[in-house]
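Remarks on the structure that follows.
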Amino acid sequence: MDTRNLDLGLLATLETLLAERNVTRAARRLNLSQPALSARLARLREALGDPLLIPGQRGMVLTQRALDMMQPLQEALEGVRRVVEQGAPFNPETLQATVVIAASDYVQYALLARYSVVLRTEAPMIRIAWRSLPDLMALATQLERGEVDLALARPETAPEGMRQHQLYEEEYVVIARQGHPVVRGTLDLDVFCALDHVVVSTRGGGFSGPTDAALEAIGRRRTVALSTSGFLIVPEIVSQSDMIAVLPRRIANGWSDRLQVLEPPLGVPGFAIACIWHERTTNHPAQSWLRDRLAALA
């Protein structure tokens with residue numbers, strides 16, 4: 001193995017190839033033509049004495065040598081980046097980057113909308129992409145590969161090995177339309193259980209949630225008439241019907257001029273939202289600034 005011709009640019013190319021496992025996507029990320037990237041891959045294969053990527057049943061797969069190199073290479077290059085960046089002051093006004101954030105529709109409404117406005121004001125040259133929150137395994141892969149910079153989710157759902165910082169705690173309230181024939185500023189448990197409810201089932205099709213667990217604990221049940229997969233449509237449904245719903249306060253407060261926002265007639269445990277990221281970005285100046293601004297806003 002002859003590594004004398006491996007410069008920093010080639011190693012950065014290798015890092016992207018191993019992350020993408022696809023020459024076309026890697027070329028796009030590196031802003032190279034596909035022939036140029038293929039030439040770099042040929043040089044890497046020759047220098048390392050290994051094919052690195054080989055054809056598989058569903059595209060390219062990494063050789064064992066490539067898999068063994070992946071994490072140490074990421075850590076080594078991140079160390080080089082820190083050394084280079086530590087000598088220059090960080091200035092968000094000149095930051096050119098695309099920030100990818102994975103979050104549910106609730107978090108997008110409750111926090112990301114304001115956060116994106118702040119970022120565009122303080123760092124006008126960045127681009128912001130919101131993604132739906134994927135399942136646990138997919139999220140871990142996306143954070144590891146750098147496809148997602150930050151994930152905003154409940155702390156207990158963070159993939160193993162990821163860093164996290166709690167941003168805030170959320171509580172539940174009840175919403176009902178103005179002029180509701182039964183709900184007039186207060187709500188007792190009997191009326192609460194008798195009315196038709198809208199519930200949110202993020203995976204779709206579910207008719208129970210934290211409220212039902214709290215009711216079951218005291219020997220009561222409610223009537224669930226409608227299940228939806230997203231939070232943001234619920235206030236609209238409630239405003240046009242006699243159904244009620246239990247929603248996070250940060251969503252309900254945005255409708256307080258059009259809906260009644262009431263305290264639940266029983267204790268419904270709330271939840272926390274955390275910022276989740278991969279260890280390799282912990283000391284990155286731009287990523288640290290992004291997380292700090294998010295925490296301050298939350």
Side-chain angles (χ1 to χ4, degrees), residues 103-111 132-137 139 151-160 162 164-256 258-276 298:
S104 68
D105 67 333
Y106 152 70
V107 176
Q108 290 174 10
Y109 178 91
L111 181 58
S132 298
L133 202 61
D135 61 48
L136 193 64
M137 186 174 297
L139 178 59
L152 306 181
R154 301 187 184 198
E156 63 271 19
T157 66
E160 185 177 353
M162 298 297 163
Q164 63 172 272
H165 173 72
Q166 183 170 314
L167 297 173
Y168 63 86
E169 293 187 358
E170 179 64 285
E171 60 183 4
Y172 287 106
V173 294
V174 181
I175 58 171
R177 72 175 175 89
Q178 299 283 3
H180 194 286
V182 177
V183 182
R184 299 185 180 92
T186 59
L187 188 62
D188 66 30
L189 186 59
D190 289 335
V191 173
F192 178 82
C193 292
L195 290 172
D196 289 341
H197 286 243
V198 184
V199 301
V200 176
S201 172
T202 55
R203 296 187 182 278
F207 286 89
S208 64
T211 302
D212 300 280
L215 285 168
E216 186 178 351
I218 59 174
R220 301 296 297 267
R221 297 182 64 184
R222 63 174 174 169
T223 302
V224 176
L226 175 63
S227 171
T228 177
S229 62
F231 285 96
L232 302 188
I233 191 62
V234 176
E236 187 67 38
I237 295 169
V238 170
S239 72
Q240 299 181 40
S241 71
D242 289 337
M243 290 186 284
I244 65 173
V246 178
L247 274 188
R249 183 179 293 277
R250 281 171 173 77
I251 292 182
N253 284 346
W255 285 75
S256 58
R258 289 160 284 178
L259 295 174
Q260 300 180 66
V261 179
L262 312 166
E263 296 300 320
L266 77 163
V268 181
F271 57 91
I273 291 295
C275 175
I276 302 164

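By the 4.5 Å heavy-atom criterion applied to side chains, Asp105 and Ser229 are not counted as neighbours. In this structure, the side chains of Met243 and His180 stay at 4.5 Å or more apart for every pair of heavy atoms. Proximity of Val174 to Val183: side-chain heavy atoms (C-beta onward) are nowhere separated by under 4.5 Å. Counting heavy atoms from C-beta outward, Arg258 and Gln178 have side chains that stay 4.5 Å or more apart. Between Asp196 and Leu226 there is no side-chain heavy-atom pair separated by less than 4.5 Å. The shortest distance between side-chain heavy atoms of Asp188 and Pro265 does not fall below 4.5 Å. Counting heavy atoms from C-beta on, the side chains of Trp255 and Val238 never come closer than 4.5 Å.
The two residues Ser201 and Ser227 make their nearest non-hydrogen contact at CB-OG, 3.6 Å. Contact between Val199 and Gly206 at its shortest, heavy atoms only, is CG2-O, 3.7 Å. Here the closest non-hydrogen pair linking Leu247 and Val200 is CD2-CG2, 4.4 Å. Ala298 and Arg250 get closest at one heavy-atom pair: O-NH2, 4.5 Å. For the residue pair Ala252 and Val261, the shortest heavy atom distance occurs at O-CG2, 3.8 Å. Closest non-hydrogen pair, Ile175 versus Pro235, comes out as CD1-CA, 4.0 Å.
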query = Between Phe192 and Leu262, is a side-chain contact (heavy atoms from CB on, under 4.5 Å) present by the stated rule, with each step listed?
reply = CA-CA 11 Å; Phe192 178 82; Leu262 312 166; over 6 Å; no
task = Decide side-chain contact (heavy atoms from CB on, under 4.5 Å) for Leu139 and Thr157; before the verdict, give the C-alpha distance in whole Å, the side-chain angles of both, and the deciding distance to 0.1 Å.
result = CA-CA 10 Å; Leu139 178 59; Thr157 66; over 6 Å; no
query = Does the pair Arg220 and Asp190 meet the rule for a side-chain contact (heavy atoms from CB on, under 4.5 Å), with working shown?
reply = CA-CA 9 Å; Arg220 301 296 297 267; Asp190 289 335; 2.9 Å; yes
message = Show, in sequence, the C-alpha distance, side-chain angles and deciding distance for Ile251 and Leu232, and conclude whether the side-chain contact (heavy atoms from CB on, under 4.5 Å) test is met.
response = CA-CA 8 Å; Ile251 292 182; Leu232 302 188; 4.1 Å; yes
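Considering CD of Gln164 and CD of Glu156, their distance stands at 9.0 Å, rounded to 0.5 Å. Taken to the nearest 0.5 Å, the NE2 atom of His197 stands 13.0 Å off from the OG atom of Ser208. Summarising the geometry, atom CG belonging to Leu266 is positioned 6.0 Å from atom CG belonging to Leu189; distances are rounded to the nearest 0.5 Å. One finds the CD atom of Glu263 at 11.0 Å from the CG atom of Leu187 (value rounded to the nearest 0.5 Å). Atoms CD1 and CZ, on Ile273 and Arg154 in that order, are 6.5 Å from each other to the nearest 0.5 Å. In this structure, OG1 in Thr223 is found 9.5 Å from CD1 in Ile244, a value given to the nearest 0.5 Å.
A donor-acceptor pair is defined here as one N or O able to donate and one able to accept, closer than 3.5 Å; no such pair exists between the side chain of Glu171 and the backbone of Arg249.
The pair Asp212-Arg221 fails the salt-bridge criterion, with no side-chain N (NZ, NE, NH1 or NH2) lying under 4.0 Å from an Asp/Glu carboxylate O. Between Arg222 and Glu216 there is no salt bridge, since no side-chain N of the basic residue sits under 4.0 Å from a carboxylate O of the acidic one.
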